[in-house]
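Here's the structure we're looking at; comments come further down.
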Protein chains: 2
Amino acid sequence: MRILHHLWLSPQCRKVRIVLLEKKIEFELRVEKVWERREPFLALNPAGEVPVLVDRDPPLFARHPRESAEVRRLVAWFDRKFDREVTENLVGEKVMKRFLGLGEPRSSAIRAGLKNVHAHLDYIAYLIERRKWLAGEQISLADFAAAAHLSTVDYLGDVPWNEHEGAKDWYVRIKSRPSFRPLLADHIPGVAPPKHYANLDF
Amino acid sequence: MRILHHLWLSPQCRKVRIVLLEKKIEFELRVEKVWERREPFLALNPAGEVPVLVDRDPPLFARHPRESAEVRRLVAWFDRKFDREVTENLVGEKVMKRFLGLGEPRSSAIRAGLKNVHAHLDYIAYLIERRKWLAGEQISLADFAAAAHLSTVDYLGDVPWNEHEGAKDWYVRIKSRPSFRPLLADHIPGVAPPKHYANLDF
């Protein structure tokens, strides 16, 4: 939850409150008596001034530039490499081609996708043996990008989870997050998901 | 409300959906069959691709650079000039000084604040005669910044609204927005607001 440390009658705080409400972004108010110069507040803002907005939601790009670079590297890995090697070959051929009226799926592409997915699942397992989440100790956009791709392939039943326990353990954790549930409830017209798709214990 | 134009099984769309939910930002989903190449959708994104997120909330800084510059100019006007000439002299002297333990209010400062506020109310009326909102035809951060300052001075009963009908008409419009209500419900310990403060028809 976001917390806005504020003070009554501070126009700067009031401006931020109006903006958050106009944008329908949830937050809680906490009065900070700045003259008390509380240590935990000074740790948030050494200037000792309000407003201070603390966002306890996971930062998408990590807090430190080094980790942030790793997040970006892995987001590109999944949005480019995985997309080209797996998603396009499976979801693209089997589903999108039909929607787009681009003809029959090519079996050579599907074979390539089914083969390529193993290397990516191995890579996820490799990372997860060394870190809690893909890019480090905190969940990040890297996990969301990877899970977004895998979830579309999983909808077709084309992720060989049982041969990749390490990757599966990571996906179980992502899958159980409330933010992931609406994706598991998706139903694509004319394409039914396999039984395990929405199952948290698959 | 935000609308996310998406397509089933698009990993790019799924990534954005997860992120919006992780950040607890509200949105509605709308399926966009990109192969239909709908004109209204192409107007949103000439590439004809999803995801497209449309935020119908008022943009804080206007859509065009020229108006955006005017928003910034007026935000600076209120956060610097109005703050120094009015807010500091009234709210600063009468309330903040006591909280901060900085001694008695200086009556010369209060006299200056009470005098200066007239020029700013005149300026607001001048702008509002020419535009719907302070920086142009759309509400913007300029209105929120100005209203945030004026609301703190109004809490002390120091805004001579009845001598400035033009500014008052604008403030009535701001005051009736849902985002403004929590500010009108604020009660500062030891400082009661005047009767008209929370009144929408003052």
Side-chain angles (χ1 to χ4, degrees), chain A residues 1-2 7-26 29 33-35 55 57-58 60 75 78-79 82-83 87 91 95-96 99-102 139 141 143-145 147-153 155-156 174 177-183 186-189 191, chain B residues 1-2 7-26 29 33-35 55 57-58 60 75 78-79 82-83 87 91 95-96 99-102 139 141 143-145 147-153 155-156 174 177-183 186-189 191:
Chain A
M1 187 45 158
R2 288 173 206 83
L7 199 51
W8 324 285
L9 293 194
S10 152
Q12 289 75 19
C13 296
R14 288 183 160 218
K15 184 175 66 175
V16 172
R17 289 167 68 188
I18 297 170
V19 165
L20 290 171
L21 285 160
E22 288 279 343
K23 293 282 176 193
K24 297 180 189 67
I25 294 170
E26 291 177 34
L29 278 176
K33 297 175 180 171
V34 293
W35 53 90
D55 187 350
D57 292 331
L60 295 176
V75 169
F78 288 99
D79 278 348
F82 187 100
D83 189 60
T87 315
V91 183
V95 182
M96 291 310 294
F99 285 133
L100 297 168
L102 293 176
I139 199 167
L141 194 60
D143 300 280
F144 302 145
H149 278 275
L150 277 161
S151 73
T152 65
V153 178
Y155 191 95
L156 305 180
I174 292 268
R177 292 180 78 83
S179 64
F180 215 73
R181 262 173 232 155
L183 274 60
D186 272 3
H187 275 264
I188 292 91
V191 191
Chain B
M1 186 46 157
R2 288 173 206 84
L7 199 50
W8 324 285
L9 293 194
S10 152
Q12 289 76 18
C13 295
R14 288 183 160 217
K15 184 175 67 177
V16 172
R17 289 166 69 189
I18 298 171
V19 165
L20 290 170
L21 285 160
E22 288 281 340
K23 292 282 176 194
K24 297 180 191 66
I25 295 170
E26 291 177 34
L29 278 177
K33 297 175 182 172
V34 293
W35 53 90
D55 187 349
D57 292 332
L60 295 175
V75 169
F78 289 97
D79 278 348
F82 187 100
D83 188 60
T87 315
V91 183
V95 182
M96 290 310 295
F99 285 133
L100 297 170
L102 294 175
I139 198 167
L141 194 61
D143 299 280
F144 302 143
H149 278 276
L150 276 160
S151 73
T152 65
V153 178
Y155 191 96
L156 305 178
I174 292 268
R177 293 181 78 82
S179 63
F180 215 73
R181 263 173 230 154
L183 274 61
D186 272 2
H187 275 263
I188 292 90
V191 191

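Keep in mind that the numbers below use all heavy atoms, side chains included, and drop hydrogens, waters and symmetry copies. Chain naming here is simple, since letters A, B, ... match the order of the sequence lines and numbering starts at 1 in each. Please read all numbers here as calculations on a predicted model, not as lab measurements.
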Give the member of B:Val19, B:Thr87, B:Ile25 that has the highest number of heavy-atom pairs under 4.5 Å with chain A.
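Of B:Val19, B:Thr87, B:Ile25, B:Val19 has the most heavy-atom pairs under 4.5 Å with chain A.
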With respect to chain A, which residue among B:Ala147, B:Ser10, B:Pro11 yields the maximal number of heavy-atom pairs within a distance under 4.5 Å?
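Counting heavy-atom pairs under 4.5 Å, the top option is B:Pro11.
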Measuring centre to centre across the rings, with the benzene-like ring taken for any Trp, is B:His149 within less than 6.0 Å of B:Phe82?
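Centroid distance B:His149-B:Phe82: below 6.0 Å, so yes.
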Aromatic contact between B:Tyr155 and A:Trp8, with the criterion being ring centroids under 6.0 Å apart: yes or no?
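When the ring centroids of B:Tyr155 and A:Trp8 are compared, they turn out to be at least 6.0 Å apart.
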If you measure only the distance, is there a donor-acceptor pair under 3.5 Å linking the side chains of B:Arg14 and A:Ser151?
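Distance-only check passes for B:Arg14 and A:Ser151.
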Please name all residues satisfying side chain to side chain contact (heavy atoms under 4.5 Å, CB included) with A:Arg177, sequence neighbours left out, ordered by chain then number.
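A:Arg177 satisfies side chain to side chain contact (heavy atoms under 4.5 Å, CB included) with A:Pro58, A:Ile139, A:Phe144, A:Ser179, B:Glu22 once adjacent residues are dropped.
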pair A:Leu141-B:Lys15: side-chain heavy atoms closer than 4.5 Å:
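The answer is yes; the side chains approach within 4.5 Å.
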Tell me, for B:Val153 versus chain A, whether the close heavy atoms (under 4.5 Å) come from the side chain, the backbone, both or neither.
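It is neither, since no heavy atom gets under 4.5 Å.
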Quick one: what part of B:Arg181 sits under 4.5 Å from any heavy atom of chain A, side chain, backbone, both or neither?
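No part of B:Arg181 comes within 4.5 Å of chain A.
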For the candidates A:Leu21, A:Val191, A:Leu183, which exhibits the highest count of non-hydrogen atom pairs separated by less than 4.5 Å from chain B?
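Heavy-atom pair counts peak at A:Leu183.
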Taking every non-hydrogen pair under 4.5 Å, which of A:Leu29, A:Val95, A:Val75, A:Leu60 racks up the most with chain B?
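Most heavy-atom pairs under 4.5 Å with chain B: A:Leu60.
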Residues which pass side chain to side chain donor-acceptor pair (under 3.5 Å) with B:Arg17, listed by chain and number, not counting sequence neighbours
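Residues passing side chain to side chain donor-acceptor pair (under 3.5 Å) with B:Arg17: A:Asp186.
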Can you tell which part of A:Leu7 gets under 4.5 Å to a heavy atom of chain B, answering side chain, backbone, both or neither?
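Contact with chain B: side chain only.
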